[in-house]
Asks: 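Here's a structure for you.
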2 protein chains.
Amino acid sequence: MSRTEVPPKPKPMTESGPEGSYCPPLGERPLTAGEAERTARMFKALGDPVRLRLFSAIASHEDGEACVCDISDVGVSQPTVSHHLKKLKDAGLLTSQRRGTWVYYRVEPSVLAAMGRLLAPAG
Amino acid sequence: MSRTEVPPKPKPMTESGPEGSYCPPLGERPLTAGEAERTARMFKALGDPVRLRLFSAIASHEDGEACVCDISDVGVSQPTVSHHLKKLKDAGLLTSQRRGTWVYYRVEPSVLAAMGRLLAPAG
DNA sequence: CCTTTATGTTGACATGTGTCGAACCAGTGA
DNA sequence: TCACTGGTTCGACACATGTCAACATAAAGG
């Protein structure tokens with residue numbers, strides 16, 4: 001399958017905020033147990049080389065989204081790719097959408113921004 | 001032991017760069033296997049709630065450093081704390097130094113900055 | 001319907017990880 | 001030298017995780 005012509009192509013991606021759980025920069029004050037629990041989930045999701053490559057591939061792909069078939073060459077089997085994508089999705093880092101035959105993944109920008117703030121120079 | 005008076009108190013922490021392994025923002029281009037491997041180690045180190053709390057406690061502590069006894073109340077045994085501190089150290093996120101009876105940990109600023117760049121708004 | 005292609009899910013397995021208690025090492029101070 | 005305290009290392013264990021092959025599901029096209 002060549003996958004050159006995209007089907008309907010909808011979804012301009014406007015609203016997106018299932019977040020809500022704020023955490024201060026890591027250097028601002030000691031995190032509470034609850035904050036650490038939530039935050040660790042995100043870091044953990046990116047703590048695997050395969051997931052990091054998948055995430056990076058999607059984030060750097062055209063239009064900020066990518067079909068699974070576009071990013072499946074990371075050295076592991078297809079079920080494993082699917083498994084990792086699910087984990088990234090469960091961590092709130094990705095969203096998925098089926099369009100015709102293919103499934104497209106895109107990064108959740110708000111979460112990425114939140115993680116960036118965590119690592120800010122923290123004065 | 002009260003630990004109110006600090007012993008000699010040396011080390012102004014000037015040079016610090018055992019880094020050297022650069023990685024582009026996650027959204028700039030797909031990471032290579034090697035880049036992902038190195039980068040994932042750092043995220044993985046912060047992917048545990050206990051380690052995240054320890055790291056945050058040190059980063060937000062006075063002078064950017066903390067004695068183990070200052071941060072040991074995170075709900076796990078003291079050997080476990082030591083174990084996690086070692087992991088953070090192995091990941092390059094912390095450095096340790098013994099001063100008299102106590103061991104002090106401090107965050108490696110260059111690594112924190114590198115992780116921040118990874119999550120930057122990315123193209 | 002039946003095939004084919006694209007993804008996701010399940011089951012099984014090896015390996016990794018977090019945790020603790022016990023033993024051990026490093027300074028301090030009598 | 002000996003005891004005491006802060007911290008690390010060791011050994012063991014339960015549990016989580018990454019991986020794959022096999023199976024299941026979804027859409028498209030005969």
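Only a predicted model underlies this, so the values are computations on that prediction, with no experimental measurement involved.
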Asks: Specify the separation, in whole Å, of atom CD of A/E37 and atom C1' of C/dG18.
Replies: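 It works out to 13 Å between those atoms.
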Asks: Between D/dA21 atom P and A/Q78 atom CD, what is the distance in whole Å?
Replies: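 It is 12 Å, rounded to the nearest whole Å.
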Asks: Among C/dG18, D/dG18, D/dT9, which nucleotide has an atom closest to any side-chain atom of B/K87?
Replies: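 My answer, after comparing the listed nucleotides, is C/dG18.
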Asks: Can you tell me the distance, in whole Å, between the CG atom of A/L94 and the P atom of C/dG8?
Replies: 11 Å
Asks: Side-chain contact, heavy-atom cut-off 4.5 Å: A/E28 with B/S60?
Replies: no
Asks: The side chain of A/K44 lies closest to which of these nucleotides: D/dT9, D/dT17, C/dT7?
Replies: D/dT17
Asks: Between A/Q97 (CD) and D/dA27 (P), how many Å, whole number?
Replies: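 Going from CD in A/Q97 over to P in D/dA27 covers 13 Å.
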Asks: Are A/V111 and A/M42 side-chain neighbours, meaning at least one heavy-atom pair lies under 4.5 Å?
Replies: yes
Asks: Please pick, from C/dT7, D/dC20, D/dT8, the nucleotide with the shortest atom-to-atom distance to any side-chain atom of A/P79.
Replies: D/dC20
Asks: Among C/dT7, C/dG16, D/dA27, which nucleotide sits nearest the side chain of A/T101?
Replies: D/dA27
Asks: Identify, between A/R98 and A/V50, the residue whose nearest nucleotide on DNA chain D lies closer to the 5' end.
Replies: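 Whichever sits nearer the 5' end wins; that is A/V50.
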Asks: Which whole-number value in Å describes the distance from B/L52 CG to C/dG18 C1'?
Replies: 16 Å
Asks: Does D/dG18 have its OP1 or OP2 closer than 4.0 Å to a side-chain nitrogen or oxygen of A/R51?
Replies: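 Indeed, a polar side-chain atom of A/R51 lies that close.
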Asks: When you get a sec, tell me which of C/dT7, D/dT17, C/dT19 is the closest nucleotide to the side chain of B/V76?
Replies: C/dT19
Asks: Indicate whether OP1 or OP2 belonging to D/dC20 is found under 4.0 Å from a side-chain N or O atom of A/T80.
Replies: yes
Asks: Kindly point out which of D/dA27, D/dT19, D/dG7 is positioned nearest to the side chain of B/C69?
Replies: D/dG7
Asks: Please test B/V50 against B/H84 for side-chain contact (heavy atoms from CB on, under 4.5 Å), starting from the C-alpha separation and ending with a verdict.
Replies: CA-CA 8 Å; B/V50 173; B/H84 284 304; 3.5 Å; yes
Asks: Looking at B/F43 and A/L46, what are the two nearest heavy atoms and their distance?
Replies: CB-O, 3.5 Å
Asks: Where do B/A66 and B/I71 come nearest, in terms of heavy atoms and distance?
Replies: CB-CG2, 4.0 Å
Asks: With a non-hydrogen cut-off below 4.0 angstrom, is A/H83 in contact with a base, only sugar-phosphate, or nothing?
Replies: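 If one applies the 4.0 Å heavy-atom cut-off, A/H83 turns out to touch a base.
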Asks: Find the distance B/D73:CG to D/dG7:P and express it as a whole number of Å.
Replies: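 Taking CG of B/D73 and P of D/dG7, I get 12 Å after rounding.
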Asks: Check the distance between D/dG7's P and B/Y104's OH and give it to me in whole angstrom.
Replies: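 Roughly 9 Å, once rounded to whole Å.
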Asks: Reckon B/Y105 has a side-chain N or O less than 4.0 Å from the OP1 or OP2 of D/dT8?
Replies: yes
Asks: Expressed in angstrom and rounded to an integer, what is the separation of A/H84 atom NE2 from D/dT17 atom P?
Replies: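 About 12 Å, once rounded to whole Å.
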